[in-house]
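These values consider heavy atoms only, across backbone and side chains, with no hydrogens, waters or symmetry-generated copies. What you see is a predicted model, and the numbers here were worked out from it, not measured in a lab.
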Amino acid sequence: MNKDIMLSRLYRELADTLNISETMTNEIVNSYKAVGSYLGNMEQELDINIYPQGSLSLGTMVRPIKDDNEGDYDVDLVCLLKNGQHLTPEEMKSIVGQRLSESERYSSMLDEEGKRCWTLQYSDYHLDVLPCVPTALQESTDTKIRLSNKVDDGIYSTCFSNPKAYKEWFIGEMGTVFSQTREQYAAKRNVEIEEVKLFQLRTPLQIAIQILKRHRDIMFAKKDNKPISIIITTLATKAYAGESDIFEAISNIIDKMDSHIEYDGDGNVLICNPTMREENFADKWKEFPEKKDAFHDWLQKARRDIIENPLNFADGMDSLMENMRATFGTKVVNKTFEKYAEETAAEREQGRLGINNKGNIIPRENKEAVVPLKNHTFYGGE
């Protein structure tokens with residue numbers, strides 16, 4: 001089979017293997033809705049609303065490395081106190097923490113106070129609950145939020161973010177690919193298109209980000225200065241050019257990611273929130289330049305491991321699988337190749353594979369397919 005096509009299919013299977021299951025997703029959603037209901041009932045005047053941000057919201061969450069089992073997922077949540085514009089940073093933080101500590105259910109799950117969040121530990125995941133308030137009136141379309149940041153001396157400072165706008169930017173950068181994928185998902189499951197959530201879809205950009213994050217997790221399993229997900233997601237999204245082919249998308253993203261890194265007048269790195277430029281995701285790189293070095297080392301290795309080495313393999317599928325095990329982990333790669341083999345066998349039996357004029361196996365609907373691929377038999381007939 002053509003290497004590009006084969007790698008596109010392998011990387012799709014890999015991302016599906018890495019993806020959080022529907023069962024686990026539903027469990028997490030039910031858990032954070034329950035937290036929101038509890039806080040909302042305790043603080044009705046504040047009109048509390050909880051919703052996901054980060055990888056769960058964007059559909060780019062990946063399975064934890066540990067034993068490659070579902071467990072220890074990091075789920076980021078916005079806890080918006082809609083009527084809390086008058087609250088100080090310390091007040092908004094303490095109200096949520098106090099209510100969680102008073103709960104018979106949540107008090108035993110509650111970690112010590114974090115810089116920005118309160119963390120609830122479940123058996124298979126933890127919820128990072130971010131207390132915040134709107135920066136605009138409720139009826140405004142402005143979704144910017146104000147949050148608190150507790151620094152080392154115990155002082156609470158004010159920070160700003162806009163996860164809803166970031167999500168809309170992420171969707172917009174996918175263009176027609178997002179619309180088509182959403183329509184196909186709705187039609188296949190016979191649901192209204194408005195009911196389809198972003199985290200339910202599997203676009204080339206989402207898949208590329210999941211693969212990049214997994215590569216990062218493996219590389220930094222025993223190292224410090226792991227590149228943070230929001231930097232990878234932001235640069236990958238900026239580099240994405242609407243490709244519908246998965247391998248092409250991953251290749252172009254890896255090649256172009258670093259070209260979207262900016263610098264200020266003093267040479268400091270800027271990887272800004274595209275919806276709020278005052279938020280620099282690489283703000284720690286100035287104080288810790290080793291983080292910048294680690295990012296570029298990772299990107300260089302990702303280019304070799306994800307693009308160059310797979311394209312240049314010449315010793316058969318066993319060799320490719322062994323290389324991918326080192327890159328992404330043994331268990332998930334074994335599952336990936338099992339699914340790939342099953343799917344290829346099924347397509348062969350159904351007559352859905354063909355051969356082009358170079359002798360490569362490709363999907364039969366591809367316009368380059370000149371000969372259908374015959375089924376293998378062991379008795380001389382077709």
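For the ring-ring contact (aromatic ring centres under 6.0 Å, His included) test, residues two or more places apart in sequence or in another chain that qualify with Y106 are Y38. Evaluation of the ring-ring contact (aromatic ring centres under 6.0 Å, His included) rule for F295 yields W285, W298 as partners, not counting sequence neighbours.
For the pair R216 and F220, the cation does not sit on the ring face, since its NZ or CZ is not both under 6.0 Å from the ring centre and inside 45° of the axis.
Atoms OH and CD1, on Y73 and I20 in that order, are 5.0 Å from each other to the nearest 0.5 Å. In this structure, D305 CG and I211 CD1 are separated by 12.5 Å, a value rounded to the nearest 0.5 Å. The distance from the CG atom of L212 to the CE atom of M257 is 6.0 Å, given to the nearest 0.5 Å. A distance of 9.0 Å separates OG1 in T119 from CG in D76, rounded to the nearest 0.5 Å. The OG1 atom of T60 lies 12.0 Å from the CD1 atom of I207; values are rounded to the nearest 0.5 Å. Atoms CE and CG, from M109 and L127 in turn, are 7.0 Å apart once rounded to the nearest 0.5 Å.
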Without placing hydrogens or testing angles, list every side-chain donor-acceptor pair under 3.5 Å for residues 194-206, not counting sequence neighbours.
| unit_1 | atom_1 | unit_2 | atom_2 | d |
| --- | --- | --- | --- | --- |
| Q200 | OE1 | K197 | N | 2.8 |
| R202 | NE | D16 | OD1 | 3.3 |
| R202 | NH1 | Q210 | OE1 | 3.3 |
| R202 | NH2 | Q210 | OE1 | 2.4 |
| T203 | OG1 | Q206 | N | 3.2 |
| T203 | OG1 | Q206 | OE1 | 3.2 |
| Q206 | OE1 | R202 | N | 3.4 |
| Q206 | OE1 | T203 | N | 2.9 |
| Q206 | NE2 | L58 | O | 2.9 |
| Q206 | NE2 | L198 | O | 3.1 |

Contacts table for residues 246-254: side-chain donor-acceptor under 3.5 angstrom, sequence neighbours left out:
| unit_1 | atom_1 | unit_2 | atom_2 | d |
| --- | --- | --- | --- | --- |
| S251 | OG | F247 | O | 2.8 |
| N252 | ND2 | E243 | OE2 | 2.9 |
| N252 | ND2 | E248 | O | 3.4 |

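Apart from Y51 itself, the hydrophobic cluster it occupies contains V78, L80, L130, I145, L147, where clustering links Ile, Leu, Val, Met, Phe, Trp and Tyr at side-chain heavy-atom distances under 4.5 Å. Other residues sharing the hydrophobic cluster of M276, ordered by chain and number and joined by side-chain separations under 4.5 Å: F160.
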**Asked** Between W169 and N273, is a side chain to side chain contact (heavy atoms under 4.5 Å, CB included) present by the stated rule, with each step listed?
**Response** CA-CA 10 Å; W169 169 77; N273 183 334; over 6 Å; no
**Item:** Worked check of side chain to side chain contact (heavy atoms under 4.5 Å, CB included) between F328 and Y11
**Value:** CA-CA 11 Å; F328 299 110; Y11 284 150; 4.0 Å; yes
**Request:** For the pair E343 and R12, evaluate salt bridge (charged side-chain N to carboxylate O under 4.0 Å, His left out) and give the outcome as yes or no after the intermediate values.
**Result:** CA-CA 12 Å; E343 184 178 292; R12 174 178 287 280; over 6 Å; no
**Message:** Quick one, T237 with I209, criterion side chain to side chain contact (heavy atoms under 4.5 Å, CB included). Give me CA distance, side-chain angles, the key distance, then yes/no.
**Reply:** CA-CA 9 Å; T237 305; I209 291 171; 4.1 Å; yes
**Message:** Please evaluate residues K213 and L18 with respect to the criterion side chain to side chain contact (heavy atoms under 4.5 Å, CB included), reporting the C-alpha separation (whole Å), side-chain torsions for both, the decisive distance (0.1 Å), and the verdict.
**Reply:** CA-CA 10 Å; K213 287 168 64 174; L18 293 172; over 6 Å; no
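One N or O on the side chain of K93 and one on the backbone of K115 form a donor-acceptor pair closer than 3.5 Å. Judged purely by atom type and a 3.5 angstrom limit, N83 uses its side chain to pair as donor or acceptor with the backbone of E45. Not one N or O on the side chain of N19 forms a donor-acceptor pair closer than 3.5 Å with the backbone of A15. Judged by distance alone, the side chain of T143 and the main-chain N or O of N162 form no donor-acceptor pair under 3.5 Å. Under the 3.5 Å distance criterion, the side-chain polar atoms of D72 are left unmatched by any main-chain donor or acceptor of Y125. Using a distance-only test at 3.5 Å, with no hydrogens or angles considered, no donor-acceptor pair links the side chain of Y340 to the main chain of M6. N268 places no side-chain N or O within donor-acceptor distance of the main-chain N or O of D264, the cut-off being under 3.5 Å. Using a distance-only test at 3.5 Å, with no hydrogens or angles considered, no donor-acceptor pair links the side chain of R99 to the main chain of L39. Panel note: side chain K292, backbone V269; no donor-acceptor pair is recorded below 3.5 Å.
A side-chain donor-acceptor contact under 3.5 Å links E102 and Q98. A donor-acceptor pair shorter than 3.5 Å can be found between the side chains of Y166 and T234.
Annotation for K339: atom NZ counts as buried by contact number, over 12 foreign heavy atoms lying within 6.0 Å. Within a 6.0 Å sphere centred on CD of Q300, heavy atoms belonging to other residues, nucleotides or ligands number 12 at most. The environment of CZ in R189 is crowded: more than 12 heavy-atom neighbours from other residues, nucleotides or ligands sit within 6.0 Å.
F281 and Y263 fall within a single hydrophobic cluster, where Ile, Leu, Val, Met, Phe, Trp and Tyr side chains are chained together by heavy-atom contacts under 4.5 Å. Note on L311 and M321: same hydrophobic cluster, where clusters join Ile, Leu, Val, Met, Phe, Trp and Tyr whose side-chain heavy atoms are under 4.5 Å apart, directly or indirectly. Following chains of ILVMFWY side-chain contacts shorter than 4.5 Å, one can reach L7 starting from M317, so the two form part of one hydrophobic cluster.
Remark: R116 does not engage D128 in a salt bridge, criterion side-chain N to carboxylate O under 4.0 Å. Using a 4.0 Å cut-off between charged side-chain N and carboxylate O, E322 and R325 make a salt bridge. Ion pairing of E278 with K144 is present here, as a side-chain N (NZ or NE/NH1/NH2) and a carboxylate O approach within less than 4.0 Å.
The shortest distance between side-chain heavy atoms of V332 and L14 falls below 4.5 Å. Contact check for D4 versus D245: no side-chain heavy atoms found under the 4.5 Å cut-off. No side-chain heavy atom of M174 sits less than 4.5 Å from a side-chain heavy atom of R182. Looking at V35 and L77, their side chains never come closer than 4.5 Å, going by heavy atoms from C-beta outward. Using a 4.5 Å heavy-atom cutoff, the side chains of E43 and L81 are not in contact. P310 places none of its side-chain heavy atoms less than 4.5 Å from the side chain of M324. By the 4.5 Å heavy-atom criterion applied to side chains, K291 and D224 are not counted as neighbours. Side-chain contact check for R9 versus T344: some heavy-atom pair is nearer than 4.5 Å.
When all heavy atoms are compared, the tightest approach of E173 to Y240 is O-CD2, 3.7 Å. The shortest non-hydrogen separation linking K238 to C272 is NZ-O, 4.0 Å. Contact between V96 and C79 at its shortest, heavy atoms only, is CG2-SG, 4.1 Å. Nearest heavy atom pair, residue Y156 against residue K150, reads OH-CD, 3.6 Å. Among all heavy-atom pairs drawn from R146 and Q85, the shortest one is NH2-O, 2.9 Å. Of all heavy-atom pairs spanning G84 and V133, the tightest one is O-CG1, 3.2 Å.
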